[in-house]
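First the structure, in the form of structure tokens, and then the observations on it.
Counting starts at 1 for both ligands and their atoms, in listed order. Since we're looking at a predicted model, the values are computed, not measured.
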Amino acid sequence: MKTLLDKLTQTFGPSGYENEIRALIRKEIEPYVDELHIDALGNLIARKGTKRDGGKRIMISAHMDELGVMASHVTDEGFVYIAFIGGINPLTCFGSRVRFGNGTEGVIYAETKKMNKVPDVTQLFVDVGATSKENCPVKTGDIGVFVRPFLDLGDRVVSKALDDRIGCYVAIETLKAIKESPNELYFVFSVQEEVGVRGAITSAYAVDPEIGIAVDVTISADTPHCEPANPVLGKGPCVKVRDGMLIASPKVIQAMTDAAEKAAIPYQMEVLRFAGTDAGAIQFARSGVPSGCLSIACRYVHSPSEMVDWNDTLNSIRLLTVLLENPLAS
Ligand code: CO
Ligand code: ZN
């Protein structure tokens, strides 16, 4: 099972350039869905089942894009300066490697000698081994992602892009696990979340759901000297109550906690002071959609080595399956 997660994390797909990751997810889900299409922005939208017996049209969204870097200019000496695609902390970049769409790899660095504060993105450059602008295989506008292999630590897994390939994995496995449901389920693998939940805006308009549920990571609070907060690794899926973009619908919160209790799955309540997920966009579709988010606690979010708990992952699949297989109380 971890083989699929490994593949999902390692497949190229920065915001706006999701072709490869979309093709992989499409291949994986095609046998399990009734209808599938790709919209103009590149969202992969899959329907499973039709509405009956008090069921609802529910959109489940996991974003398939990942953080990236884009070449802003190349110096005469062949160094590539970059812009961030998504919220990257420059501190996590030193010595990190990136791979551009054409396969070129390089190392990110900045002159540290006189540095006494966190560097700005404009100070970072990628060294791809070129010696001049002419022989540099990377050009302005080329986009790359972090290079960091999948690491299986048993109960914990580590990789780049677990935000949100872990959500994609949970959505894929839930899609496979669901046998019967009165709900019309639209599984959306969205684009451009990391640059402002853009794919969720257009896909939610098209799907026109009655309920919206995002599946994404949240920041865990269980490392030394971290700010005290609720989500920790290994204590179960997190039911989001609020973040910077969303006050989750009490109805959706209740449905999630009911599902967890029904299936005897441990869960945690999540109150995040900042940030957001696709649910923040789905709630604004058309005349409004009650929305919530199932979160997976994650350490080192937005670094090239994000960590989640494997049992949290399996329990998230179980919780989402129970939630979606039953009618939601209204
Ligand atoms: Co993110
Ligand atoms: Zn995310």
Problem set entry | Short N/O/S contact of H63 with the Co ion (ligand 1) (below 2.8 Å) | no
Problem set entry | Minimum-distance N/O/S atom that D163 presents toward the Co ion (ligand 1) | OD2
Exercise. Short check: any N/O/S atom of D216 below 2.8 Å from the Zn ion (ligand 2)?
Worked result: yes
For this session: Kindly say whether P137 contributes a backbone atom to a donor-acceptor pair with the side chain of N102 at under 3.5 angstrom?
Result: yes
Exercise. Just how far is it from atom CG of D6 to atom CG of D152, taken to the nearest 0.5 Å?
Worked result: 9.0 Å
Exercise. Within a reach of under 6.0 Å around CZ of R242, are more than 12 heavy atoms found that belong to other residues, nucleotides or ligands?
Worked result: yes
Exercise. Does E28 reach the main-chain N or O of E173 with its side chain, forming a donor-acceptor pair under 3.5 Å?
Worked result: no
For this session: Tell me, please, if E194 has any N/O/S atom, main chain or side chain, under 2.8 Å from the Co ion (ligand 1)?
Result: yes
Exercise. What atom name does the N, O or S atom of D163 nearest to the Zn ion (ligand 2) carry?
Worked result: OD1
For this session: May I ask you to decide if N311's main-chain N or O and D309's side chain share a donor-acceptor pair within less than 3.5 Å?
Result: yes
